[in-house]
Structures are given as C-alpha cells and as structure tokens.
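Nothing here was measured: the structure is a model prediction, and the numbers come from that model. Computation of the quantities below employed the complete heavy-atom set of this structure, encompassing side-chain atoms and omitting hydrogens, waters and symmetry-equivalent molecules. One-based numbering, in listed order, for ligands and for the atoms of each.
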Amino acid sequence: MSQGENREKIRTLCHQWGASLFGVADLRPFKKDEILLPPEILGQFPFGISIGYHLSDAIVEGIENQPTPLYFHHYQRVNILLDTIGLMATSLIQDLGYHAIPIPASQIVDWKVQRGHLSHKHVARAAGLGWIGRNNLLVNERFGARVRLVTVLTDLPLEVNFPSEKDCGSCRACLHVCPAQAIAERQQDFDHLRCYEQLRTFAKTLHFSHNICGICVKACRGQDRKEQSA
Ligand code: B12
Ligand code: SF4
Ligand code: SF4
C-alpha cells in the first residue's frame, strides 16, 4: 500500500472508533532531546499519529467556577477511549508488519517536573491539528481547546500533515478566567505550577482522585460553537 493508502486506512478506522481529529506528524526534523522519550526509541519511529476527541460541549458548558462530577467522569472515560483507539491502531499497524507504540493519554512519568512520555500537544501541532494557545493548550480551529489527545508512534510509512500557520489572533477569551491566574498574554509565560496548585485544591475540596479543572478549556470555544452562539 502507498503512504496515502496507509494513512487513509488508519484515519477511517480511527474515526469509526470515535476519534474526532486525526493527523500525522513527521518527527524526523525535531531534535531528539526536545522530545522526552529516550532518543534510541524515537530514532525507530519517524511518525507520530495524533488523535483527538472532541469533548462534549454540553458537559464543558456545565463548568462554572470549578470542575463538575460530570466533567470528571467524562475526562476519565475519554482517556480510556483514546488509550483504546491507540491500542487498536497499534494492533492494525503490527498486522501490516510494522511497529507502533501507543503513548498513554494522561500518564505522568516525572512528577517533579510534571512530564509525560512526550507532549501530545506538540505532536498534534506538528500534525496540523491546531496551535498552542495562550491557555497553553492545543487549540483546534473547529473545537477550540475542547479536545483531548493521544499519540501513536510508528515506523509505518504514512503521508504527513504540516503544522498550522494559525494562532489566537486577537482572541483573549481565556486570559482572565483562570482562578489561579496562570494564563498570561504570551503562552511562554503560562505558569504551570500555579495551575497545578489550583488543580490539587479542587481535587482535595471536591474529592476527585485526579487533578482536573477545565475552566480554560470551556473558555476556548472554537469555530463550531462561535457560529452557534452568533
Ligand atoms: C503533566 C500534565 C499537566 C500538568 C502541567 C504540566 C506542564 N508542565 O505544563 C498539570 C497537572 C498542571 C496539567 C494541567 C492541565 N492539563 Co495536562 N497534561 C499533562 C501531561 C500528562 C504531560 C504534559 C507534559 O509532559 N508536560 C511537560 C512539558 C515540559 O511539556 P510541554 O511544554 O508540552 O513540551 C515541551 C517539551 O517537552 C518538548 N516536547 C515534548 N514532546 C514533544 C514532542 C514534539 C513533537 C516536540 C516538537 C516537542 C516536544 O517541547 C515543549 C517545549 O519545550 C499531558 C499528556 C501528555 N503526555 O502530553 C496532559 C495534557 C497536556 N493536559 C491536558 C489538559 C486538558 C489539562 C487541564 C485542562 C486539566 C483538565 N483535564 O481539566 C489542565 C490545563 C492546564 C493548561 N492550561 O495548560 C491535555 C491537553 C489537551 C489540549 N487540548 O491541549 C493533555 C494533552 C492530556 C490529553 N491526553 O489530552 N497537565
Ligand atoms: S486548568 Fe484551571 S487552573 Fe489550570 S490554567 Fe486552566 S483555568 Fe487555570
Ligand atoms: S480562548 Fe482565545 S486566546 Fe485563549 S487559547 Fe483559545 S483562541 Fe487563544
């Protein structure tokens, strides 16, 4: 099969399995030490498949000044779905005679610096699914930041996408919504420690087993909802 046919086959199935967004990043141009996985692993996997799930707008809209039990449940189930899609894509790729690693949707491997195996946001950006917004999240043109992500690394030859040229422009809808004031004018000034402390407070006071919030996710609507509310 050609690179285009490989891509189309996996894309079609991922959408059938529940994905809302699909893109492929060429990881070869990136410096190996930029990405957090060991270079010997990364060297074997030139492509990153980025898969996104569009969160339920109705659930996200229910968040006022703190996360809701519905959002907490949704967050957990979406992680499971994304991990499952990653597993199914891996199995498909292996059946085609190639290798793949599904990177966990939401596993922290270094708690001191709060890092996962690699940044799903940066793979998604490289795969053309959006840009990194002022809220420090991957912002998709249609769905805003209301997407969760997963990555599958592979050596299956695939047609790739290119990074989006778009950015937040004049939008500042998320700038003042954060209860921890972690969001700044420039994405580089995002304060992840303030955010983390706020998430821990929510987890403690609301008795959630995970650190969640979602207020800045709600603020970043994307085109689909802007059109509805116009
Ligand atoms: C740890 C973590 C957190 C930490 C913060 C960590 C931090 N330093 O920012 C805490 C607990 C505070 C947190 C909070 C939240 N999180 Co969080 N979090 C993660 C997690 C598990 C790891 C991220 C990580 O490794 N960060 C470490 C820093 C250093 O990485 P980075 O800045 O993104 O990447 C740098 C380098 O590492 C390098 N790099 C790394 N990999 C790669 C790959 C390529 C190709 C390139 C070029 C570079 C590169 O480049 C970057 C620039 O230096 C990811 C899942 C994942 N594996 O991506 C989810 C994730 C980022 N979180 C997510 C979400 C939604 C949230 C919350 C809204 C909580 C919630 N669910 O209610 C808040 C939002 C905070 C915000 N506005 O940013 C989503 C974001 C979805 C989106 N649309 O962008 C993710 C992707 C989970 C998912 N599966 O969807 N999170
Ligand atoms: S998740 Fe909550 S605390 Fe963290 S940046 Fe977004 S609004 Fe602020
Ligand atoms: S709400 Fe607006 S400013 Fe904030 S990240 Fe989204 S598009 Fe950018």
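- Checked against a 3.5 angstrom limit, the closest N/O atoms of C195 and ligand 1 fall outside it.
- Listed by atom number, the atoms of ligand 1 under 4.0 Å from N135 heavy atoms are 76 (C), 77 (N), 78 (O).
- Numbered from 1 in the order shown, with element, the atoms of ligand 1 that lie under 4.0 Å from a heavy atom of V217 read 68 (C).
- Every atom of ligand 1 with a heavy atom of A105 under 4.0 Å away is listed here by number and element: 55 (C), 87 (C), 88 (C), 89 (N).
- Listed by number with element, the atoms of ligand 2 under 4.0 angstrom from any heavy atom of I215 are 7 (S).
- Within ligand 2, counting atoms from 1 as listed, the ones closer than 4.0 Å to a heavy atom of Q198 are 3 (S).
- Distances from atom 48 (C) of ligand 1 to the heavy atoms of H122, K121, H210 put H122 nearest.
- By heavy-atom distance, the residue among I132, I212, I51, L199 lying nearest atom 13 (C) of ligand 1 is L199.
- For C213, a nitrogen or oxygen atom sits less than 3.5 Å from a nitrogen or oxygen atom of ligand 1, counting backbone and side chain alike.
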>> For a salt bridge (charged side-chain N to carboxylate O under 4.0 Å, His left out) check, start with the C-alpha distance between R28 and D26, then their side-chain angles and the critical distance, and finish with the verdict.
In response: CA-CA 6 Å; R28 287 166 295 192; D26 184 354; 2.9 Å; yes

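- Interface atoms of ligand 1 facing C216, defined by a heavy-atom separation under 4.0 Å, are 77 (N).
- Other residues, nucleotides and ligands contribute only 12 or fewer heavy atoms inside 6.0 Å of the CZ atom of F162.
- Below 3.5 Å of separation, one finds no N or O of V113 facing any N or O of ligand 1.
- For CD of E185, the number of neighbouring non-hydrogen atoms (other residues, nucleotides, ligands) closer than 6.0 Å is greater than 12.
- Using a 4.5 Å cut-off on side-chain heavy atoms (C-beta onward), H54 and R148 make no contact.
- At least one heavy atom of F190 sits closer than 4.0 Å to an atom of ligand 2.
- Contacts of C178 with ligand 2, taken as heavy-atom pairs under 4.0 Å, involve both backbone and side chain.
- Of all atoms in ligand 2, listed by their number and element, those nearer than 4.0 Å to a heavy atom of C213 are 1 (S), 2 (Fe), 7 (S).
- The side-chain heavy atoms of T151 and I101, taken from C-beta on, include no pair separated by under 4.5 Å.
- Side-chain contact between I103 and V152: absent, with no pair of heavy atoms (C-beta onward) separated by less than 4.5 Å.
- By the 4.5 Å heavy-atom criterion applied to side chains, D83 and I80 are not counted as neighbours.
- Below 30°, between 30° and 60°, or above 60°: for Y71 and Y75 the angle between ring planes is between 30° and 60°, a tilted geometry.
- Atom 4 (Fe) of ligand 3 has an N, O or S atom of C174 closer than 2.8 Å.
- Within ligand 1, counting atoms from 1 as listed, the ones closer than 4.0 Å to a heavy atom of H120 are 55 (C), 56 (C), 57 (N), 58 (O), 89 (N).
- Hydrophobic clustering of Ile, Leu, Val, Met, Phe, Trp and Tyr side chains at less than 4.5 Å, counting indirect connections, unites I49 with W17.
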> Taking it one step at a time, do N6 and R11 satisfy side chain to side chain donor-acceptor pair (under 3.5 Å)?
Replying inline: CA-CA 9 Å; N6 283 339; R11 192 190 68 80; over 6 Å; no

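- Here's the thing with Y71: one of its N/O atoms is less than 3.5 angstrom from an N/O atom of ligand 1.
- Set against the non-hydrogen atoms of R148, the atoms of ligand 1 under 4.0 Å away are 64 (C), 65 (C), 71 (N), 87 (C), 88 (C), 89 (N), 90 (O).
- Between S119 and ligand 1, at least one pair of N/O atoms sits closer than 3.5 Å.
- Counting the atoms of ligand 1 from 1 in the order shown, those under 4.0 Å from a heavy atom of V147 are 81 (C), 82 (C), 83 (N).
- Side-chain contact between W131 and P163 is absent, with no heavy atoms from C-beta onward closer than 4.5 Å.
- Taking only non-hydrogen atoms, the option from C216, G133, C168 nearest to atom 8 (Fe) of ligand 3 is C168.
- Compare N211, N136, L118, L27 by their heavy atoms: the one nearest to atom 57 (N) of ligand 1 is in L118.
- Ligand 1 lies nowhere less than 4.0 angstrom from a heavy atom belonging to V150.
- The shortest contact between atom 4 (Fe) of ligand 2 and any protein heavy atom is with C195 SG, 2.4 Å.
- The side-chain heavy atoms of N140 and R146, taken from C-beta on, include no pair separated by under 4.5 Å.
- With contacts defined as side-chain heavy-atom distances shorter than 4.5 Å, the pair L153/H99 does not qualify.
- The shortest side-chain heavy-atom distance between L92 and L13 falls under the 4.5 Å cut-off.
- Close approach of ligand 1 to Y75 (heavy-atom distance below 4.0 Å) involves ligand atoms 71 (N).
- Close N/O approach between S106 and ligand 1 is not found [any backbone or side-chain N/O within under 3.5 Å].
- Nearest to atom 27 (C) of ligand 1 by heavy atom, out of H192, E197, Q114, R134, is Q114.
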>> For a salt bridge (charged side-chain N to carboxylate O under 4.0 Å, His left out) check, start with the C-alpha distance between E197 and R194, then their side-chain angles and the critical distance, and finish with the verdict.
In response: CA-CA 5 Å; E197 282 311 317; R194 274 175 179 247; over 6 Å; no

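- With 2.8 Å as the limit, C171 counts as an N, O or S neighbour of atom 2 (Fe) of ligand 3.
- Scanning all heavy atoms of the two residues, the minimum distance from L82 to I51 falls at CD2-O, 4.0 Å.
- The shortest N or O to N or O distance between F30 and ligand 1 is not under 3.5 Å.
- Ligand 1 has no N or O atom lying under 3.5 Å from any N or O atom of Q107, backbone or side chain.
- Using cut-offs of 30° and 60° for the angle between ring planes, the H15 and F22 rings count as tilted.
- Ligand 3 places these atoms under 4.0 Å from at least one heavy atom of N135: 5 (S).
- Which of G116, C178, S50 comes nearest to atom 23 (C) of ligand 1 through a heavy atom is settled by distance: it is G116.
- Comparing L149, L137, L193 by heavy-atom distance to atom 80 (C) of ligand 1, the nearest is L137.
- In terms of N/O distances under 3.5 Å, ligand 1 is not approached by F190.
- Nearest heavy-atom pair, P157 versus F47, reported as atom, atom and distance to 0.1 Å: CA-CE1, 3.7 Å.
- Linking ILVMFWY side-chain heavy atoms closer than 4.5 Å, directly or via other members, places L199 and I108 in two distinct hydrophobic clusters.
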